[in-house]
Amino acid sequence: MSKNLVLQPPRGTRDWLPEEAYAKRIVSEKIREVFESYGYGEVITPAFEYLDLLKAKAGEEVVEQIYAFKDKAGRELGLRFEMTTPIARIVASRLDLAKPLRFYYVQPVWRYEEPQRGRWREFWQAGIELFGISEPEGDAEVVAVTFDALKAVGLKDFDIRVNDRRVVEDLVLGAGIPGDLLPSALRVLDKMDKFGEEYVVSELAKLGLREDAATSLLEKLKSGSLDIDTSTQPGREGLRRLALVVDTLKNCYGINVTVDYAIVRGLGYYTGFVFEVKAGSSEGLGSIAGGGRYDDLVSVVGGPKIPASGMAIGVERLLEALSMQGALKLDYREVDVCVIPVKKTPEILSEAVAVARELRVAGMKVVLEVSERSLSKLLEAASKRGARFAIILGERELKEGVVTVRDLYLWKEEKVARPHLYEYIRAGSST
RNA sequence: GCCUCGGUGGUGUAGCCUGGGAACACGUCGGCCUGUGGAGCCGAAGACCCCGGGUUCAAAUCCCGGCCGAGGCCCCA
């Protein structure tokens, strides 16, 4: 063994110890239940894909974040940086599957970025994709699933912000910004919350927008009103659909969302509706979840044009937000019962194994203590590990056909006849 | 790509400014106590103070370079 090995996990990755892994699993399971309750089915795809596929519809910036490599046969591959493109591949290639399709996943993805709070190079996404529904009601369903999933895990005061790209684009172009500067303008507008109106106006001036035009543009954007003037056909369409999504959510699902024209979202494949979720009291974490409509992706990947809408929850961010809110209360216990043979004679040991097996079969977590330490040390260890009971087994017990059950919480112990052991422990566990 | 901070036993830290004995907590192991004192007390093991160079009689400490990490900007889950 070399002494020089780096024992930390690589930058941007992490280990999950039992308690953390448990929290992640519980949260993931609650999310899955919500996804499945809406009729979504799980899909699992490879960690790596052909590089060309991943590049197909990603912005240039995202392409640079792909972990790319060649396999031994020279194939150009890359680790998936999100799940939507791989799933679009499935949909594009499996035209035999009847639409609409409802898929979900809980999987790790990889991006070569500079790590920060809530930003990892390997992270988990839990998301859904809805293919074959072009109506705004599909977008509303996606938002509703997101809402229910976040509620199910106990996230408090989160805010869902919705937008349609075409509306902002319409307004920005209408204000007089040339088409080629649109991306820069959108980026500037996104800074509204962070740097304030004055900053945005001055930045827009650099893009050639007069101050009064910029101010009136900001007025419209800030209003979050669905009753604004649009100048283009796509803009009108976007506005109409956005209003429908908001209405459906409010009137049918009872979910209130905020219209925020600054939400644009980075991934290049969104074609209209977009949304984002941020949680209260989790500043600096970025968005917990996000999604939108991507009607072109399946065709870009080589399939027919199939409308689609989807979203992803950042599992690590969700966990961190939950723990910041103090909403991550889990009763984690690794061990329920510790079986301690006093001496390791064959008779005692086989009785200990039998006792442990009996309780394990009944669904309890049982450690059979086999290390050579004094009884008091072993009791101490069992207690620290969080076990509720210690079962002490030696010659005396064997002779009498009983076991000594020590309640490590109540500091009591009692001899219990073998046939009543499980009953005794089960009764004690629930107090 | 830019910026800030950091790297000291297994883990988390103090010490660094104002250079000279490497400390504390937890953890581990043991003794008091070879079938029940989970507490407590006592003890032990465990660190070439990230690497390399420089300054100095003397460097964990000051200086330079590198490597690694955590955050911020950008962007994003």
Side-chain angles (χ1 to χ4, degrees), chain A residues 3-15 17 58-62 64-65 81-84 106-127 146 150 183-184 186-188 190-191 194-195 263-268 275-279 282-291 310-321 338 340-344 348 369 371-398 403-415:
Chain A
K3 267 192 128 172
N4 304 324
L5 290 178
V6 176
L7 295 180
Q8 297 166 308
R11 185 166 165 82
T13 66
R14 55 163 298 180
D15 299 313
L17 269 50
E60 203 168 301
E61 197 146 341
V62 179
E64 283 171 18
Q65 295 174 357
F81 57 90
E82 41 84 296
M83 289 295 292
T84 303
V106 181
Q107 295 279 302
V109 299
W110 297 267
R111 291 182 199 176
Y112 194 85
E113 283 191 278
E114 291 311 310
Q116 265 169 60
R117 170 181 283 272
R119 193 163 93 182
W120 302 86
R121 287 184 172 179
E122 175 182 74
F123 61 99
W124 287 69
Q125 289 193 323
T146 310
L150 295 177
S184 334
L186 292 179
R187 208 167 306 136
V188 169
D190 193 44
K191 299 283 175 297
K194 213 170 245 171
F195 298 122
I263 303 295
V264 179
R265 303 197 51 74
L267 292 172
F275 76 101
E276 211 167 87
V277 182
K278 287 197 177 180
S282 60
E283 280 70 31
L285 244 195
S287 50
I288 306 280
M311 72 88 188
I313 296 170
V315 175
E316 285 83 355
R317 285 188 181 180
L318 175 58
L319 284 168
E320 189 162 349
C338 234
I340 304 176
V342 172
K343 283 204 186 76
K344 289 198 276 180
I348 294 174
E369 193 54 78
S371 57
E372 294 279 0
R373 287 187 288 176
S374 67
L375 183 54
S376 57
K377 295 289 177 193
L378 293 175
L379 286 171
E380 178 180 351
S383 175
K384 277 184 181 159
R385 196 174 298 179
R388 175 66 196 264
F389 294 102
I391 293 180
I392 300 163
L393 245 175
E395 282 152 355
R396 297 173 202 164
E397 284 82 2
L398 222 52
V403 293
T404 300
V405 178
R406 189 175 181 88
D407 187 320
L408 295 171
Y409 286 15
L410 302 179
W411 295 61
K412 284 193 326 197
E413 76 177 35
E414 213 171 323
K415 293 204 168 169

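Per chain, numbering begins at 1; letters A, B, ... match sequence-line order. Predicted model, so just to flag it, every value in this text is computed and none were measured.
Each of A:Gln65, A:Glu64, A:Arg119 was checked for a side chain to side chain contact (heavy atoms under 4.5 Å, CB included) with A:Arg111, and the lone residue meeting it is A:Gln65.
Scored by the salt bridge (Lys or Arg N to Asp or Glu O under 4.0 Å) test, A:Arg14 finds A:Glu20 as partners (sequence neighbours excluded). For the salt bridge (Lys or Arg N to Asp or Glu O under 4.0 Å) test, no residue two or more places apart in sequence or in another chain qualifies with A:Lys343. When the salt bridge (Lys or Arg N to Asp or Glu O under 4.0 Å) test is applied to A:Glu316, no partner is found at least two apart in sequence or on another chain. Evaluation of the salt bridge (Lys or Arg N to Asp or Glu O under 4.0 Å) rule for A:Arg317 yields no partner, not counting sequence neighbours.
Nearest nucleotide to the side chain of A:Phe123, out of B:rG38, B:rA70, B:rA77: B:rA77.
A:Lys412 NZ: 12 or fewer foreign heavy atoms inside a 6.0 Å radius.
Within the nucleic acid shown, A:Trp411 comes within 4.0 Å of at least one base atom, counting heavy atoms only.
By the rule that a glycosidic angle within 90° of 0 means syn, B:rG19 does not qualify and counts as anti.
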Hey, what are the protein-to-nucleotides 65-69 of chain B N/O distances that come in under 3.5 Å?
from	atom 1	to	atom 2	distance (Å)
B:rC68	O2'	A:Gln8	OE1	2.9
B:rG69	OP1	A:Arg11	N	2.8

In the 5'-to-3' direction, what one-character label does each nucleotide of nucleotides 26-35 of chain B receive under the scheme B = base within less than 4.0 Å of a protein heavy atom, S = sugar-phosphate only, - = no such atom?
-S-SS--B-B
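One donor-acceptor pair, N or O on each side, does fall under 3.5 Å between the base of B:rC76 and the side chain of A:Arg317.
Distance noted for atom C1' between B:rG9 and B:rA44: 14 Å (whole Å).
For the pair A:Arg406 and A:Phe389, the cation-pi criterion (under 6.0 Å, within 45° of the ring axis) is not fulfilled.
B:rU11 is paired with B:rA25 under the Watson-Crick or G-U wobble criterion, all donor-acceptor distances under 3.5 Å.
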